[in-house]
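Because the structure is a prediction, the values reported are computed rather than measured.
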Amino acid sequence: FAWMSFPEIGEIGIVDVPGHRDFIGNMLAGVGNVASVLLVVAADEGIMPQTEEHLAILDLLQVGNGVVALTKTDLVDSSEWVQLVVEEVIQRLEITSLASASVIPVSALEGTGITELMQALTECLSAPHIWLDVSQPRLPVDRVFTVAGFGTVVTGTLLEGRLSIGQEVEIMPGSVRARIRGLQTHKNSLDEAVPGTRVAINLSGVSKDELHRGAVIVQPGSMRDTRMIDVSCRMLSDAHNLIPLRHNENVKLFLGTAEVMARVRGIGARQLLPGENGWLQLELSESVACLRGDRFVLRRPSPGATIAGGVVLDPQPYRRHRLQDSLVLQRLRTLAGGSPADILLQALDTSGVVAFKEAVTKSGLDDWQAVAALKELRIAGDLVVFGKTTSDL
């Protein structure tokens, strides 16, 4: 974890993830919450197997904003060779979410290409990325440690909302309460942390042993644990994976910074073939905290291989689904591509009579979308509201 300053942008946070295949789990914990990516390819080696898997993961997570640094150009014999590798990388990126990424040849030894790389990064990082500044903050924890004289500290990327000193927070899963004693970004103390920043949080009222990577810092009462999620899933093509994903198979789920074992339950089909899209219900070995719209990756535990990924559609399914259930399939299609009003209505339909705030949390809509959807449903006569609602947000 590091940071640097760009004259036209200001400070940016860097999460350097390991490239070796043995550490893909650590890579996934770091890459799940990034807005942009700097992909490093060595000019004297070209695209290696671990690079292929990293590209597949970035595509599954739909990280579409990035730059490729073609390093070690001083180790190749000619500029023609460098150009061949550049063209190879561009061709490989064409069918991924990084199709528009610039490829910049550089040499750290000779200093060539560094200016061009900085300019490409400036342009990449200037692209707008929506960090939701809503009333419900959320920070997936990637590190936990203690500091002498201060106590427990966690770090992560603040995805949504704001955190401030003195604020009470809840650590999920487990519903452990704590209070924010201090905040830092890039070793600078803050009174308030804003969405999209790397944040270190000094917590009081909780010990290091009560926390772990994969936990989520939230506003008390804003999220619930779950051990079952409904998802839309995309299988990698047979270039990466030759084996179907079968009903009742055990896989590793990577969600945010969490890593848990999961049992696959097919919805509509007993298996998904390489390259196919489909619906799954995942039964988890441990509780996680997530929202609709969160992206995930699935890997086979042995031999370790990335096979699929997708998006959470329902973080709180009301029951275990049957293999063939037309109503469930229709609900999942609505959650995957419906309007905010459709999505809110589905969340309410499976929750019964609940507080509006709870329905909004389950729907995964931001505050403004939820309020607009509420008005639309009330006008259409699809929803009866008791008491005030918008103030509950």
Side-chain angles (χ1 to χ4, degrees), residues 25 28-33 61 131-132 134-144 152 154-163 167-180 193 195 199 201 203 205-232 251-263 280-298 309-318 335 343 347 350-351 354-355 357-367 370:
L28 281 159
V31 79
N33 302 317
L61 294 174
W131 298 100
L132 294 179
V134 295
S135 60
Q136 298 178 7
R138 183 165 62 125
L139 182 141
V141 173
D142 51 44
R143 287 192 299 165
V144 182
T152 304
V154 301
T155 67
T157 301
L158 183 56
L159 301 184
E160 300 152 357
R162 298 182 177 227
L163 294 171
Q167 180 178 349
E168 186 182 19
V169 294
E170 189 171 20
I171 298 100
M172 306 293 290
S175 300
V176 176
R177 297 291 181 102
R179 193 168 295 277
I180 297 176
V199 184
I201 310 174
L203 295 171
V206 63
S207 69
K208 177 179 178 292
D209 294 338
E210 295 177 271
L211 301 170
H212 57 85
R213 174 189 283 180
V216 185
I217 308 296
V218 299
Q219 180 177 295
S222 64
M223 292 185 71
R224 289 191 294 162
D225 297 354
T226 185
R227 291 189 62 171
M228 190 163 59
I229 56 177
D230 291 346
V231 303
S232 170
V251 294
K252 278 188 177 180
L253 168 72
F254 295 84
L255 179 63
T257 58
E259 174 184 345
V260 300
M261 292 298 298
R263 186 162 70 98
L280 301 174
Q281 187 169 68
L282 300 177
E283 295 182 339
L284 313 182
S285 61
E286 304 172 29
S287 295
V288 299
C290 63
L291 295 176
R292 190 189 72 83
D294 287 352
R295 303 200 72 88
F296 67 90
V297 170
L298 297 181
V311 62
V312 175
L313 298 180
D314 189 347
Q316 302 284 342
Y318 57 95
L335 291 173
I343 292 166
T350 57
S351 303
V354 294
K357 184 176 180 180
E358 182 179 341
V360 171
T361 298
K362 182 173 181 180
S363 72
L365 300 173
D366 64 46
D367 293 354

Any [X] side-chain heavy atom under 4.5 Å of [Y] side chain:
| X | Y | result |
| --- | --- | --- |
| Met223 | Pro315 | no |
| Leu203 | Ile180 | yes |
| Gln136 | Val218 | no |
| Arg162 | Pro195 | yes |
| Leu211 | Val141 | no |
| Leu253 | Ile229 | yes |
| Leu282 | Leu298 | yes |

With sequence neighbours left out, what residues match Arg177 under salt bridge (Lys or Arg N to Asp or Glu O under 4.0 Å)?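 Checked Arg177 against salt bridge (Lys or Arg N to Asp or Glu O under 4.0 Å); matches are Glu168, Glu170.
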
Mind checking salt bridge (Lys or Arg N to Asp or Glu O under 4.0 Å) for Asp225 and listing every partner two or more places apart, or none if nothing turns up?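 Partners of Asp225 by the salt bridge (Lys or Arg N to Asp or Glu O under 4.0 Å) criterion come out as none, since no residue qualifies.
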
Separation of [Y] [atom2] from [X] [atom1] (nearest 0.5 Å):
| X | Y | atom1 | atom2 | answer |
| --- | --- | --- | --- | --- |
| Leu61 | Asp294 | CG | CG | 11.0 Å |
| Gln219 | Met172 | CD | CE | 12.5 Å |
| Arg213 | Thr257 | CZ | OG1 | 7.5 Å |
| Ile201 | Leu139 | CD1 | CG | 4.5 Å |
| Ile217 | Arg138 | CD1 | CZ | 12.5 Å |
| Arg227 | Glu286 | CZ | CD | 7.5 Å |

Any residue meeting side-chain hydrogen bond (donor to acceptor under 3.5 Å, both in side chains) with [X], in chain and number order, not counting sequence neighbours:
| X | answer |
| --- | --- |
| Arg295 | none |
| Ser207 | Glu210 |
| Thr155 | Asp142, Arg143 |
| Glu259 | Lys252 |

So which heavy atom on [X] is nearest to which on [Y], and how close?
| X | Y | value |
| --- | --- | --- |
| Val312 | Cys290 | CG1-SG, 4.3 Å |
| Ala215 | Pro173 | CA-CD, 4.4 Å |
| Asp230 | Pro317 | OD1-CG, 3.5 Å |
| Ala193 | Leu158 | O-CD2, 3.5 Å |

Given Gln316, which partner from the list Arg292, Arg224, Met228 fulfils the side chain to side chain contact (heavy atoms under 4.5 Å, CB included) test?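 Of Arg292, Arg224, Met228, side chain to side chain contact (heavy atoms under 4.5 Å, CB included) with Gln316 is met by Arg224 alone.
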
